[in-house]
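For reference, the structure is listed below as structure tokens.
FYI, the numbering just counts along the sequence from 1.
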Amino acid sequence: VQLQASGGGLVQAGDSLRLSCAASGRSVSLYSMGWFRQAPGKEREFVAIISWSGGRTDYGDSVKGRFTASRDNAKNTVSLQMNSLKPEDTAVYYCAAGRLVPSRDGYHYRPSNYNYWGQGTQVTVSS
């Protein structure tokens with residue numbers, strides 16, 4: 001599976017962005033799709049996950065209520081709608097595919113539990 005993230009850019013605080021992740025090589029319809037981000041000097045941080053059916057989602061505490069993950073299995077794509085952006089949202093955003101489901105034990109928070117990764121797209125939020 002190859003993943004290609006896009007949609008990043010430079011925006012002002014309070015603006016919105018929509019990231020997309022296009023999969024190729026194999027259908028990701030049976031994979032949960034995650035979004036992570038990594039700021040300079042920091043560890044990769046869990047942002048969101050959407051289950052293979054789209055019926056289950058989970059979000060990192062810092063983005064809850066502002067970010068929404070969605071997917072279109074027919075098009076083999078996933079999206080991350082980011083609203084009310086803050087300067088602290090500045091990071092490289094990555095999409096990932098994994099054979100896992102959102103669970104209470106936080107298994108899906110860990111980057112090592114995902115099988116495939118995209119190359120990342122830069123999001124910069126100015127104050």
Side-chain angles (χ1 to χ4, degrees):
V1 176
Q2 290 80 46
L3 302 175
Q4 178 80 31
S6 62
L10 172 63
V11 297
Q12 293 186 331
D15 286 350
S16 298
L17 270 179
R18 187 176 182 87
L19 304 184
S20 295
C21 177
S24 61
R26 181 188 295 183
S27 171
V28 292
S29 62
L30 296 182
Y31 289 81
S32 287
M33 299 298 295
W35 287 95
F36 288 77
R37 65 188 183 186
Q38 189 164 18
K42 295 188 177 181
E43 293 186 352
R44 195 162 293 192
E45 175 190 16
F46 169 77
V47 174
I49 186 173
I50 184 166
S51 63
W52 68 271
S53 68
R56 296 175 66 180
T57 56
D58 191 25
Y59 299 91
D61 288 341
S62 61
V63 307
K64 281 181 180 176
R66 299 188 297 123
F67 291 12
T68 303
S70 60
R71 66 188 299 160
D72 185 336
N73 285 339
K75 296 181 178 179
N76 226 20
T77 60
V78 294
S79 297
L80 184 69
Q81 178 66 40
M82 305 186 297
N83 298 330
S84 302
L85 283 162
K86 304 176 181 179
E88 51 264 43
D89 294 320
T90 295
V92 177
Y93 283 71
Y94 299 88
C95 59
R99 287 196 177 274
L100 47 81
V101 295
S103 60
R104 292 183 178 182
D105 64 3
Y107 185 82
H108 56 287
Y109 297 158
R110 295 187 282 276
S112 59
N113 293 331
Y114 290 77
N115 304 96
Y116 304 100
W117 288 85
Q119 86 293 353
T121 184
Q122 176 71 46
V123 172
T124 303
V125 184
S126 64
S127 57

Would you say S32 and L100 make side-chain contact, with heavy atoms under 4.5 Å? yes
Rounded to the nearest 0.5 angstrom, the CG-OG distance for D58 and S103 is 9.0 Å
Is there a side-chain contact between D15 and V125 (heavy atoms, below 4.5 Å)?
no
>> Contact between S24 and Q4 at the side-chain level, heavy atoms closer than 4.5 Å - yes or no?
In response: no
Q.
Let's go through L85 and L17 carefully: what are the C-alpha distance in whole Å and the side-chain angles of both, what is the deciding distance for side-chain contact (heavy atoms from CB on, under 4.5 Å) to 0.1 Å, and is it a yes or a no?
A. CA-CA 8 Å; L85 283 162; L17 270 179; 4.0 Å; yes
Check whether Y31 and V78 end up in the same hydrophobic cluster, where Ile, Leu, Val, Met, Phe, Trp and Tyr are linked by side-chain heavy atoms less than 4.5 Å apart. yes
- Going through the distances and angles, do M82 and V63 end up as a side-chain contact (heavy atoms from CB on, under 4.5 Å)? CA-CA 8 Å; M82 305 186 297; V63 307; over 6 Å; no
Face-on cation placement of R71 at W52 ring, 6.0 Å and 45° thresholds
no
Using a cut-off of 6.0 Å, state whether more than 12 heavy atoms not belonging to K75 lie near its atom NZ.
no
Can a donor-acceptor pair be found, under 3.5 Å and without considering hydrogens, that links the side chain of N73 to the backbone of N76?
no
- N/O donor-acceptor pair under 3.5 Å between S51 side chain and R56 backbone: yes
Practice item. Go through the steps to decide whether V123 and L19 satisfy the test side-chain contact (heavy atoms from CB on, under 4.5 Å), and finish with yes or no. Key: CA-CA 9 Å; V123 172; L19 304 184; 4.0 Å; yes
Of all heavy-atom pairs linking A91 and Q122, the shortest is O-NE2, 3.4 Å
- request: Give a yes-or-no answer on whether the side chains of D72 and T77 include a donor-acceptor pair shorter than 3.5 Å.
  value: no
**Prompt:** Taking the six-membered ring for Trp, are F67 and Y93 parallel (under 30°), tilted (30 to 60°) or perpendicular (over 60°)?
**Reply:** tilted
* To do: For the residue pair T68 and L80, establish whether any side-chain heavy-atom pair is separated by less than 4.5 Å.
  => no
Taken to the nearest 0.5 Å, the spacing of I50 CD1 from S70 OG works out to 6.0 Å
Those residues at least two apart in sequence (or on a different chain) that pass ring pair (Phe, Tyr, Trp, His ring centres under 6.0 Å) with F46 are F36, H108, Y109
Residues 81-95 vs salt bridge (Lys or Arg N to Asp or Glu O under 4.0 Å), sequence neighbours excluded, gives R37-D89, R66-D89
- Item | Residues V1, V28; criterion side-chain contact (heavy atoms from CB on, under 4.5 Å); working and verdict | CA-CA 8 Å; V1 176; V28 292; 3.7 Å; yes
Between the CZ atom in R99 and the OH atom in Y116, the distance rounded to the nearest 0.5 Å is 7.5 Å
- Report yes or no: does Q119 contribute a side-chain atom to a donor-acceptor pair with the main-chain N or O of A5 at less than 3.5 Å? yes
In W35, Y114, W117, the residue satisfying side chain to side chain contact (heavy atoms under 4.5 Å, CB included) with C95 is W35
Same cluster for V92 and I49 if Ile/Leu/Val/Met/Phe/Trp/Tyr side chains link at under 4.5 Å?
-> yes
Of all heavy-atom pairs linking S84 and S16, the shortest is N-OG, 4.3 Å
Would you confirm whether T121, through its side chain, and G8, through its main-chain N or O, come within 3.5 Å as a donor-acceptor pair? yes
Rounding to 0.5 Å, atoms CD (E45) and CG (D61) come to a distance of 9.5 Å
Please check: side-chain N/O of N113 versus main-chain N/O of Y107, any donor-acceptor pairing under 3.5 Å? yes
